[in-house]
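To start, the structure under review is shown below, and the notes come after it.
Every chain is numbered from 1 and lettered A, B, ... according to where its sequence line falls, protein lines coming before strand lines.
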Protein chains: 2
Amino acid sequence: MSSRAAQPALKTPVSANGKRGGNGKARHREQDIEVGLDGLVGHAGYAVRRFQIWIFQDFIRTLAAVDIKPTQYSVLTVIGANPGLSQMAVAKRLGIERARLVHLLDSLEDRKLVRRVQSRTDRRSHALHLTGRGEASLRQFMLLAAEHERHVAEKIGAANREHLLRILAAFT
Amino acid sequence: MSSRAAQPALKTPVSANGKRGGNGKARHREQDIEVGLDGLVGHAGYAVRRFQIWIFQDFIRTLAAVDIKPTQYSVLTVIGANPGLSQMAVAKRLGIERARLVHLLDSLEDRKLVRRVQSRTDRRSHALHLTGRGEASLRQFMLLAAEHERHVAEKIGAANREHLLRILAAFT
DNA sequence: AACAATTGTTGTCGTCAACAACAATATTTC
DNA sequence: GAAATATTGTTGTTGACGACAACAATTGTT
């Protein structure tokens, strides 16, 4: 069935217990000893989670000066590329709940980056647009985002980054 | 400087506004029209985030019968591979806070999968061990996790999965 | 012995996803 | 056209999660 899926590991005590013998300089304590992970290697989900944490932290750090977080950036990007979209459409596009988008837009509207315009074709919905300030800001954000992307390339290699984007293109 | 970083996009209204003309069957409404994303493609963080969401949902769904979530699985795996580890060591290994690990272990201990044993070398810390039940359960969890991993391979291709694991090996 | 550091624990805060409920409006059905 | 149904934006609640701060017990350092 499984080529080599279920590893027979599970029995690999790394002896992180009675290792305190030594003598003079106990240079590293128990926690610093390398912890074997066995069952964790080979799990795509774990690697992806750790990578996602790193990549988000770098994005936030790189765009800290303009105080834009990944979700805000994605919202601005979609609105900038498709002016007039409704909140439902943006939410569905980005896979976030419309309830959550409300607060995001509140924040962006307070910062004069986005406007909610009453749609005349459907008086329930709002047509979303970037303000002039929003468009100018987004251009700056995109420059910083490109710098962040360069950090990613440095971290995993440019070729690997390209390959990764190709592998995950279906999820974009 | 930037090879092709900052795309000059930002101006691509997809005309999702006055499109309601038609006549009889208005088969798809605004939201169903394909939304161009422009600025979002080429961003590794976004693709990784979406993939991570998918992969976690599949993991949770695949292990729903045994009610084990990714974080719990990772904790059990690390303890199973390194019996006797302290909570600090496990937390540091998995990149989670020791405060959070407390609750995770409470839950796992309630389910008789893990035991906190008083360490004799350091009376502050607990040596973590799987119970007999815990070891047997973990073996089952690993089988289900392998099935989940097969889902990943079906989704992105087995070769791509291998390559992705290699690219992200540094984060494991 | 006095001081500082570590471990497990508890608690708070802010972010986020998943729901449920609601008023206003649009669409469908009779 | 009126009644039933669905959708949109909004508000609120819940639970998972990361980041902190504070604390008692214990260990390490000076």
Residue [X], side-chain atoms from C-beta onward, closest of [options]:
X	options	answer
B/Ala99	C/dG11, C/dT7, D/dT10	C/dG11
A/Arg98	C/dA21, C/dG8, C/dC16	C/dA21
A/Glu97	D/dT27, D/dG9, C/dA18	C/dA18
A/Ser125	C/dG8, C/dT15, D/dT8	D/dT8

Whole-Å gap separating [atom2] ([N]) and [atom1] ([X]):
X	N	atom1	atom2	result
B/Gln87	C/dG8	CD	P	5 Å
B/Gln118	C/dT9	CD	P	10 Å
B/Lys92	D/dA19	NZ	P	15 Å
B/Asp106	C/dT9	CG	P	7 Å
B/Arg120	D/dA25	CZ	P	22 Å
B/Leu104	D/dC17	CG	P	7 Å
A/Gln52	C/dT15	CD	C1'	13 Å
B/Arg61	C/dA18	CZ	C1'	15 Å

Counting only side-chain N and O atoms of [X], is one of them less than 4.0 Å from OP1 or OP2 of [N]?
X	N	answer
A/Gln57	D/dG18	no
A/Arg116	D/dT10	yes
A/Arg124	C/dA26	no
B/Arg49	C/dA17	yes

Worksheet item: Does A/Asp106 offer a backbone N or O that forms a donor-acceptor pair with the side chain of A/Arg111 under 3.5 Å?
Response: no
Name every donor-acceptor pair, under 3.5 Å, that has one atom in a side chain of residues 53-64 of chain A and the other anywhere in the protein, sequence neighbours excluded.
from: A/Asp58; atom 1: OD1; to: A/His151; atom 2: ND1; distance (Å): 3.1
from: A/Asp58; atom 1: OD2; to: A/Thr62; atom 2: OG1; distance (Å): 3.3
from: A/Asp58; atom 1: OD2; to: A/His148; atom 2: ND1; distance (Å): 2.7
from: A/Asp58; atom 1: OD2; to: A/His151; atom 2: ND1; distance (Å): 2.9
from: A/Thr62; atom 1: OG1; to: A/Asp58; atom 2: O; distance (Å): 2.7
from: A/Thr62; atom 1: OG1; to: A/His151; atom 2: ND1; distance (Å): 3.4

Discussion item. Show the nearest heavy-atom pair for residues A/Leu138 and A/Gly80, with the distance to one decimal.
Written reply: CD2-CA, 4.4 Å
Discussion item. For B/Asp122 and B/Arg100, find the nucleotide of DNA chain D closest to each by heavy atoms; which residue's nucleotide sits nearer the 5' end?
Written reply: B/Arg100
Fill in: Other residues, nucleotides, ligands: >12 heavy atoms within 6.0 Å of B/Arg115 CZ
no
Discussion item. Determine whether the aromatic ring centres of residues A/Phe51 and B/Phe171 are separated by less than 6.0 angstrom.
Written reply: yes
